[in-house]
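A short write-up of the structure that comes next.
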Amino acid sequence: MKLICIDCSEQVPDAAFQYHCSCGGMLEIVHDFHGIDVELLRGIFEKRLAERMTPYASGVWRYKELIFPELPERFITTRYEGNTGLYSTEALSAYGGVRRIWFKAQSENPSGSFKDNGMTVAVSHACFIGMNQLACSSTGNTSASLAMYAALAKSKAYVFVPDRQISANKVLQTLAYGAEMLRFSGNYDDGIRFLERFGAELGLYVCNSINPYRIEGQKSIIFEAAQMLKWQIPEWIVVPGGALSNATALGKGLNDLFTLGFIDKLPKVAVVQAEGASPFHRMIANQETKLRPELNPHTIASAMNIGNPPSWKKAKRMLAQTCGVTVSVSDAEILAAKVLIDRSGIGCEPASAAALAGLRKLTISHVIDKDETALCILTGHILKDTEVLSKHFDQDPRPSIQLNLHHVQFTGCFQNPN
């Protein structure tokens with residue numbers, strides 16, 4: 001494994017771990033896959049599906065050879081994350097407008113979001129290099145995940161949380177795991193800038209998406225989906241885009257699988273952003289070379305409320321590699337998709353529903369063909385943003401049925417199955 005700058009290609013020694021090259025570019029991990037026996041690994045991955053109570057019972061560490069082969073097993077910090085469900089229904093496929101959609105429910109992770117896939121690797125790396133003060137800037141999901149893994153590792157978690165447009169549920173979850181919360185005036189982007197500037201000076205190991213080890217862990221989402229589909233990948237991968245770490249990680253994982261020969265084609269990736277926080281989509285749509293931050297991002301999908309995504313350069317390169325696209329969707333479109341996903345019995349937070357909303361928009365505009373297939377990543381649990389649920393049901397026009405259980409007279413409230 002090597003740490004390489006995505007801008008100038010300079011290699012950075014891992015012993016002096018950092019998040020940026022001296023030129024300012026972000027770093028990524030590059031593996032030497034020379035000599036890997038793919039068929040042998042397929043067998044190992046299949047065998048590990050039967051593991052219980054070992055690091056390899058994790059849906060992330062099952063793929064250790066492709067993620068962090070050098071890490072000694074004793075440093076692995078895991079909650080057996082991953083192992084999340086893959087679902088498909090005719091109704092949701094029809095709504096999306098394609099032949100078939102699979103939904104990878106990362107909401108089933110231990111802390112309730114996809115962040116666990118990356119956080120287990122970041123925290124394990126922190127333990128490996130002897131750092132026990134972990135930090136992040138977060139609108140909610142990252143902080144909850146970090147707090148959980150820090151507690152497992154007996155490390156201290158410092159979470160920088162904006163004072164607006166966050167989910168109370170995620171904040172409470174973070175506090176429950178014992179993190180030290182630091183509220184600040186501003187948004188996610190302000191917190192990231194602070195940690196980039198002062199994190200090393202304060203002795204903090206930063207666990208946001210600027211951390212390349214987190215990206216390695218998040219690759220496992222596509223590894224697991226591919227294995228569940230017997231290494232037959234759908235034509236499209238659709239993912240919500242906030243900080244763009246997930247889009248970057250999935251693209252990196254797809255490239256690994258294709259390069260090694262686990263899959264025989266590279267699917268296209270569609271990155272979906274909310275209209276009120278869509279600087280990446282705007283850059284791609286306008287064929288611009290540099291991202292112009294959204295100064296006041298706003299969307300009901302709190303996990304996507306990011307105006308200056310740190311991983312935009314990596315995500316842009318990923319789109320080029322996969323012939324991918326971007327799309328933005330309104331809050332109304334997100335909520336409409338969320339209602340259907342919830343009532344399908346799967347459920348998700350608003351940011352997750354953006355994937356289905358974006359897919360539908362792309363099929364209506366004929367970017368995606370109705371005969372194609374897609375994999376949508378559901379990033380967070382249905383209870384992550386209950387403020388949105390409360391507002392929705394407060395406005396629900398359907399009347400509630402009032403019962404006096406001491407004097408019940410059934411007047412058509414229940415359908416007679418006969």
N208 (side chain) donor-acceptor with N211 (main chain) under 3.5 angstrom:
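Judged by distance alone, no pair lies under 3.5 Å.
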Keeping N187 on the side-chain end and D189 on the backbone end, is there a donor-acceptor pair under 3.5 Å?
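Yes; at least one donor-acceptor contact below 3.5 Å.
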Among side-chain atoms of K384 and Q173, is any donor-acceptor pair under 3.5 angstrom?
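Side chains of K384 and Q173: pair found under 3.5 Å.
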Under a 3.5 Å cutoff, is there a donor and acceptor pairing between the side chains of R62 and N83?
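Distance-only check passes for R62 and N83.
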Looking at the rings of Y63 and F223, which for Trp means the six-membered one, are their centres under 6.0 Å apart?
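Close enough - the centres of the two rings lie under 6.0 Å apart.
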Would you please indicate yes or no on a ring centroid separation below 6.0 angstrom for F75 and H125?
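No, the ring of H125 stays outside the 6.0 Å limit from the ring of F75, centre to centre.
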Please lay out, stage by stage, how F262 and W231 fare under the test ring-ring contact (aromatic ring centres under 6.0 Å, His included).
CA-CA 6 Å; F262 279 93; W231 309 105; 5.0 Å; yes
Set of salt bridge (charged side-chain N to carboxylate O under 4.0 Å, His left out) partners for E39, sequence neighbours left out
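Partners of E39 under the salt bridge (charged side-chain N to carboxylate O under 4.0 Å, His left out) test: R42.
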From S58 atom OG to N117 atom CG, the distance as rounded to the nearest 0.5 Å
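S58 OG to N117 CG: 7.5 Å, rounded to 0.5 Å.
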Electrostatic pair K314:E28 at N-O distance under 4.0 angstrom
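No, no charged N to carboxylate O under 4.0 Å.
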Answer whether the closest heavy-atom distance between the side chains of C21 and L27 falls below 4.5 Å.
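Sidechains of L27 and C21: in contact.
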Donor-acceptor list for residues 146-161 side chains, cut-off 3.5 Å, not counting sequence neighbours:
unit_1, atom_1, unit_2, atom_2, d
Y149, OH, E81, OE1, 2.5

